[in-house]
Amino acid sequence: MKVSFLIPAHNEGAIIAEKIENTLGLSNTGGHEIEVLVISDGSTDDTVAKARGIDDPRLRVVETPGRSGKLKALNQALELLSGDVVIFSDANALLSDGALDAIMVQFGDPHVGGVCGQITVEGKSKGGIAGADALFWRYDQWLKGVESDLGGVVSAQGSIYAMRRHLTGPIPQGVADDFLMSVRGVAQGYRLAFAPQAQTVERVTERVGDEMGRRVRSTEMGWRGLMMMRSVMNPARTGIYAWQLISHKFLRRLMPLFLAVAFLANLALMGSGTGWFVLGLLQILFYALGLGAAYVPAIRRLPLAPKVMFFCMGNLAMALGIWKYYRGVESSVWTPIRDDA
């Protein structure tokens, strides 16, 4: 098989050379023909110069006509690829040496349309966001393993995922490309496999505002993709996968509503008995700790404070993201969040 790596980049001069060398150096025991396409979306730094400074016949670097956004850049790049399998990978996601082998083994099954890799997080620990995010991703990767045992994972994540080329297609604006691309594969009768040996490491920002904004945008775009693919949530069409999609993506994003109802109901019942009073007080303290940790970095040094903040921030971001979707706000161009190394 021929494998095409697709790496979108905007102002990734600090990491792009390392990313390309990492990709070209991956173990390839299957002897697959490799092409690597870096598409620069209106970069104003030295991303293109550094990428073109790597002399390798397998590498191609192209530029969009101005800043058009990641999705338009991906659509332009997909027209240029010739591989049987496309591996999508973010510019800041360095892959484990066995990632290519682990992904391609899964495509030996003709029923597999896409493959998800495993994400790990590293970052500065002062604010605690990276530690809480790492815990979340450990849970998420465990969940993907369980889903895979049931017949297939729900969807991919953009840091590292692969699709058969004939299952890819134009990506509408304002949609999470990783979600839409992978769920489209399921809609066409294929399943998504999980390759935990295909690992990537990402750095997480400790800036609360930036991380909050990223999560709001991710929810807005993910919810739009879910609404576009809502027919896949029909069990008569996709069987147990429909329930996995409903529980993992639909109900999970409604959790802020459930939490708000539970909190308000508890407040109303605090005068009804000691149990309700204690439970209500615990909820108040929980959310106060999360809010305090978000605004006062010193509070994040308290035990559990970063995880409580992360929980509150994540659920608030989901609520705001869905609200943006129903207000008609559409994210199409954004700047990747990068902390200084």
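Keep in mind that this is a model prediction, so the values were computed, not measured. Count residues from 1 along the sequence.
Ring planes of Trp223 and Tyr325: perpendicular class, angle over 60° (limits at 30 and 60°).
Side-chain atoms of Gln244 come within 3.5 Å of backbone N or O of Gly152 as a donor-acceptor pair. Formation of a donor-acceptor pair under 3.5 Å by the Asn11 side chain with backbone atoms of Thr47 is not found in this model. Side-chain atoms of Thr200 come within 3.5 Å of backbone N or O of Leu94 as a donor-acceptor pair. Under the 3.5 Å distance criterion, the side-chain polar atoms of Arg165 are left unmatched by any main-chain donor or acceptor of Val86. Using modelled atom types, one side-chain atom of Arg300 and one backbone atom of Ala294 make a donor-acceptor pair closer than 3.5 Å. Proximity of a side-chain donor or acceptor of Asn234 to a complementary backbone N or O of Ala236 within less than 3.5 Å is detected.
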Under 3.5 Å, side-chain donor or acceptor atoms of residues 311-323 against the rest of the protein: list the pairs with distances, not counting sequence neighbours.
{"unit_1": "Asn315", "atom_1": "ND2", "unit_2": "Phe311", "atom_2": "O", "d": "2.9"}

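In this structure, the side chains of Met227 and Arg230 come closer than 4.5 Å at one or more pairs of heavy atoms. For the pair Trp243/Ile246, a side-chain contact is recorded, criterion being any heavy-atom separation below 4.5 Å from C-beta on. Looking at Leu135 and Phe310, their side chains never come closer than 4.5 Å, going by heavy atoms from C-beta outward. At a threshold of 4.5 Å between non-hydrogen side-chain atoms, the residues His248 and Ser155 do not count as touching. Within the 4.5 Å cutoff, side-chain heavy atoms of Leu226 are placed close to those of Leu245. Between Arg191 and Val112 the shortest side-chain heavy-atom distance falls below 4.5 Å. Inter-residue side-chain proximity for Arg67 and His10 is flagged as met; some heavy-atom pair is nearer than 4.5 Å. Put simply, the side chain of Lys2 reaches to within 4.5 Å of the side chain of Ser82, judged on heavy atoms.
Here the straight-line distance linking atom CG of Leu167 with atom OG of Ser182 works out to 11.0 Å at 0.5 Å rounding. Leu264 CG to Gln283 CD: the interatomic distance, rounded to the nearest 0.5 Å, is 9.5 Å. For the atom pair CE of Met229 and NZ of Lys249, the computed distance is 13.5 Å after rounding to the nearest 0.5 Å. We find the CD-OG1 distance between Gln199 and Thr120 to be 6.5 Å, quoted to the nearest 0.5 Å. Rounding to the nearest 0.5 angstrom, the gap separating the CG atom in Asn75 from the CG atom in Asp177 is 9.5 Å. Atom NE2 of residue His32 and atom CD1 of residue Ile87 lie 9.0 Å apart, to the nearest 0.5 angstrom.
Tyr326 OH: more than 12 foreign heavy atoms inside a 6.0 Å radius. The number of heavy atoms from other shown groups lying within 6.0 Å of NZ (Lys72) does not exceed 12. Within a 6.0 Å sphere centred on CG of Leu304, other residues, nucleotides and ligands contribute 12 heavy atoms or fewer. Surrounding CZ of Phe258 are more than 12 heavy atoms belonging to other residues, nucleotides or ligands, all under 6.0 Å away. For Glu18, the CD atom is loosely surrounded, since the number of other residues' heavy atoms within 6.0 Å does not exceed 12. Within a 6.0 Å radius of NE2 in His166, more than 12 heavy atoms belonging to other residues, nucleotides or ligands are found.
Minimum heavy-atom separation, Ser40 to Ser43: OG-OG, 2.8 Å. A pairwise comparison of heavy atoms in Phe88 and Thr168 identifies CZ-CG2, 4.2 Å as the closest pair. In terms of heavy-atom proximity, Ala187 sits nearest to Val232 at CB-CG2, 4.0 Å. Here the shortest heavy-atom pairing between Pro170 and Arg184 reads O-NH2, 2.8 Å. Across all their heavy atoms, Ser27 and Asp101 have their closest contact at OG-OD2, 2.7 Å. Counting all heavy atoms, side chain and backbone alike, Glu12 lies closest to Asp45 at N-OD2, 3.5 Å.
A donor-acceptor contact under 3.5 angstrom links the side chains of Ser231 and Arg237, judged on distance only.
Taking the charged nitrogens against the carboxylate oxygens, Glu63 and Arg52 do have a contact shorter than 4.0 Å, which makes a salt bridge. A salt bridge does not link Arg164 to Asp84: none of the charged nitrogens lies less than 4.0 Å from a carboxylate oxygen. With salt bridges taken as basic N to acidic carboxylate O contacts below 4.0 Å, one links Glu211 and Arg214.
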Practice problem: Under the side-chain contact (heavy atoms from CB on, under 4.5 Å) rule, what do Phe107 and Val3 come out as? Steps first, then yes or no, please. | Solution: CA-CA 11 Å; Phe107 283 112; Val3 180; over 6 Å; no
Exercise. Report the C-alpha separation of Met221 and Leu71 in whole Å, then their side-chain angles, then the decisive distance to 0.1 Å, and conclude whether the side-chain contact (heavy atoms from CB on, under 4.5 Å) test is met.
Key: CA-CA 11 Å; Met221 298 176 73; Leu71 301 180; 4.0 Å; yes
Quiz item: Lys19 and Ser89: side-chain hydrogen bond (donor to acceptor under 3.5 Å, both in side chains), yes or no, with the steps?
Solution: CA-CA 10 Å; Lys19 170 64 177 180; Ser89 185; 2.5 Å; yes
Quiz item: Would Arg60 and Glu35 satisfy side-chain contact (heavy atoms from CB on, under 4.5 Å), going step by step from the backbone distance to the final call?
Solution: CA-CA 8 Å; Arg60 183 178 181 185; Glu35 69 172 346; over 6 Å; no
Quiz item: Does the side-chain contact (heavy atoms from CB on, under 4.5 Å) test come out yes or no for Arg224 and Glu220, once each step is laid out?
Solution: CA-CA 6 Å; Arg224 182 172 290 107; Glu220 171 234 319; 2.6 Å; yes
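In this structure, Leu150 is not a member of the same hydrophobic cluster as Leu143, with clusters built from ILVMFWY side-chain heavy atoms closer than 4.5 Å. The hydrophobic cluster containing Leu282 does not contain Met309, counting ILVMFWY residues as joined when their side-chain heavy atoms lie under 4.5 angstrom apart, directly or transitively. Linking ILVMFWY side-chain heavy atoms closer than 4.5 Å, directly or via other members, places Ile15 and Ile54 in two distinct hydrophobic clusters. Ile7 and Tyr161 fall into different hydrophobic clusters, defined by Ile, Leu, Val, Met, Phe, Trp and Tyr side-chain heavy atoms under 4.5 Å apart, directly or through other members. A single hydrophobic cluster is not seen to contain both Leu289 and Val278; linkage of ILVMFWY side chains at heavy-atom distances under 4.5 Å, directly or through other members, places them apart.
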